[in-house]
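Worksheet: one structure, shown below.
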2 protein chains.
Amino acid sequence: MTPSRQEEQRGNLGEAIKEAAWEQIAEAGASSLSLRAIGRALGITAPAIYNYYEDRDALVTALVIDAFNSFGDRQLAARDEFPGPGQELERLRATGLAYRQWALDHPHRYLLIFGNPVPGYQPPMQELLPVMMRSLSALTGCISELHALGRIDLTAIPRPLCEPGNRFFAMLEPADDEARAVYALAMLIWSRVHGQVSLEITGQLPPFPGNGAALYEFELDSIARQFILPN
Amino acid sequence: MTPSRQEEQRGNLGEAIKEAAWEQIAEAGASSLSLRAIGRALGITAPAIYNYYEDRDALVTALVIDAFNSFGDRQLAARDEFPGPGQELERLRATGLAYRQWALDHPHRYLLIFGNPVPGYQPPMQELLPVMMRSLSALTGCISELHALGRIDLTAIPRPLCEPGNRFFAMLEPADDEARAVYALAMLIWSRVHGQVSLEITGQLPPFPGNGAALYEFELDSIARQFILPN
DNA sequence: CAGTGTATATTTACACTGTAAACTTAAAAT
DNA sequence: ATTTTAAGTTTACAGTGTAAATATACACTG
């Protein structure tokens, strides 16, 4: 007698549910995620999922955290490709290129964490902030390094207001003026790469030479030229 | 005997359906749009909507077209605030500021036309391309003007590939190299403002001074300094 | 070993969703 | 006056998330 799918999966059903969810998201997008369809794929019924995730939102949160970790891993790995002193610019560029490549590799994960919020889903920031900050630390780290080397002039960068209720309050509150300027520049660079990448993966940009990279590399060069002093 | 809501609406139910849909979208976002809830709000049953829109997608398309027209109206109005010769830079900046302001005024409309695709919705480009091109014409017009005045150097701008199947194929196909470079620069500028605006209205950017405009105006200045030659 | 407790599933049920089909009603056209 | 047509309704079906009650099987305890 062959073991049922249910018995095969026993013990790691929580992970199997996430895997099935990713497969479903890869096919039809993040917001058409069906617990019943996940159950069908795993040979269980939909309410069984409630033993592993409190509700649909909790499952989405688990997926978001996984996505942030996957994204953060790539960001940090790209940064560490150029670990030496004197390679600060290469580090920054590598994280920039990795940003787009990860998004192209996992467009639905990208949209899940950086796109429109899933309807009705309120992200629990307390849970997400650590993985968010880790994933952005590659960029902010590069900026900090370059600033410490005197190669970035932060005086003209607008400072963010530090108002409670904002998504990044817990991140900005303990930061001094310099750190806030670093964050602001990171946000500015992030918004540029996000603009292109989000339009590209949603098919709203025409294709460019070099697997679509020409316009993106133009932007990376623009960022370096505008903000990073030579030498 | 008071006239039923049904009788009140008769004759312009098609418009009333769209209005109810916008109200619903303003409350819960674009993808949680319910035909039955629209019917409830109007005192009709859901299947009656099928007399005005073939299905849910057709209603979404009508909403998208309305949103593009509203957006385009504001873009063109902003451009026309500085109609004189010699005001080309002010025109460009006014369209840039109007871009953000319209998004802040109508965040759900913005996300509907420029954000994640609504799950399962395939936009009919043949219908949408005219209103899309009109709404982008304020920006492309400003760039063309400035280029004609010798104030933009397009040589370094990457040219888009013109491949069928892309969203903008019908727009790029008849354009010559110069027009394609204008489009490419427009896409680049668009991706920058879209990056900031989309992050801002989804609450992923911290607030900045001047009603959040400080970082955005910094970007508009960056665009002008990088691409527009003085005089 | 017997019995109990707990974890994990299922079944059932409810309130939603889009939409297809058949039916009713009222106005317009011949 | 009769027929046609438009624009509603009711009914029905297949799907959704999820709450509540129920069944089952394993682990621990007396």
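Letters A, B, ... are given to chains in the order of the sequence lines, protein chains preceding strands, and every chain is numbered from 1. As the structure is a prediction and not an experimental result, all values here were calculated from the model.
- Between the P atom of D:dT9 and the OH atom of B:Tyr50 lies a distance of 14 Å, rounded to the nearest Å.
- Backbone-only contact: A:Leu33 has heavy atoms under 4.0 Å from sugar-phosphate atoms and none from a base.
- When the P atom of D:dA19 is taken as reference, atom CD1 of A:Ile49 falls 14 Å away, rounded to whole Å.
- Atoms CG (B:Leu42) and C1' (D:dA7) sit 15 Å apart, rounded to a whole Å.
- The salt bridge (Lys or Arg N to Asp or Glu O under 4.0 Å) test applied to B:Glu217 returns B:Arg93, not counting sequence neighbours.
- To the nearest angstrom, C1' of C:dG18 lies 12 Å from CD1 of B:Ile38.
- Pairs of residues two or more places apart, or lying in two chains, that qualify as side chain to side chain donor-acceptor pair (under 3.5 Å) and include a residue from residues 13-22 of chain B are B:Glu15-B:Lys18, B:Lys18-B:Asp66.
- Using a 4.0 Å cut-off, some side-chain N or O of A:Arg40 falls inside it from OP1 or OP2 of D:dT16.
- Here D:dT24 sits opposite C:dA7 as a Watson-Crick or G-U wobble pair (both hydrogen-bonding atom distances under 3.5 Å).
- For A:Leu35 and D:dG15, the CG to P distance is 16 Å, given to the nearest whole Å.
- The closest donor-acceptor contact from the side chain of B:Glu200 to the backbone of B:Leu205 lies at 3.5 Å or more, if one exists at all.
- A sub-4.0 Å separation between OP1 or OP2 of D:dG8 and a side-chain N or O of B:Tyr52 is present.
- The distance from atom CG of A:Asp57 to atom C1' of D:dT18 is 12 Å, rounded to the nearest whole Å.
- Between the CG atom of A:Leu13 and the C1' atom of C:dA7 there is a distance of 13 Å, given to the nearest Å.
- Of the two residues near DNA chain C, A:Arg36 and A:Thr45, the one whose nearest nucleotide lies more 5' is A:Thr45.
- Along DNA chain D, the nucleotide closest to A:Pro47 and the one closest to A:Ala37 are compared, and the more 5′ of them pairs with A:Ala37.
- Between the side chain of B:Arg109 and the main chain of B:Ala26, no donor-acceptor pair closer than 3.5 Å is present.
- Atom P of nucleotide C:dT19 and atom OH of B:Tyr53 are separated by 14 Å, given to the nearest angstrom.
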Subject >> Check against side chain to side chain contact (heavy atoms under 4.5 Å, CB included), B:Phe114 and B:Ser198 >> reply: CA-CA 8 Å; B:Phe114 293 130; B:Ser198 65; over 6 Å; no
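- Comparing atom distances between the A:Ser34 side chain and each of C:dA9, D:dT16, C:dG18 picks out D:dT16 as nearest.
- Taking 4.0 angstrom as the limit, A:Asn51 places none of its side-chain polar atoms (N or O) nearer than this to OP1 or OP2 of C:dA7.
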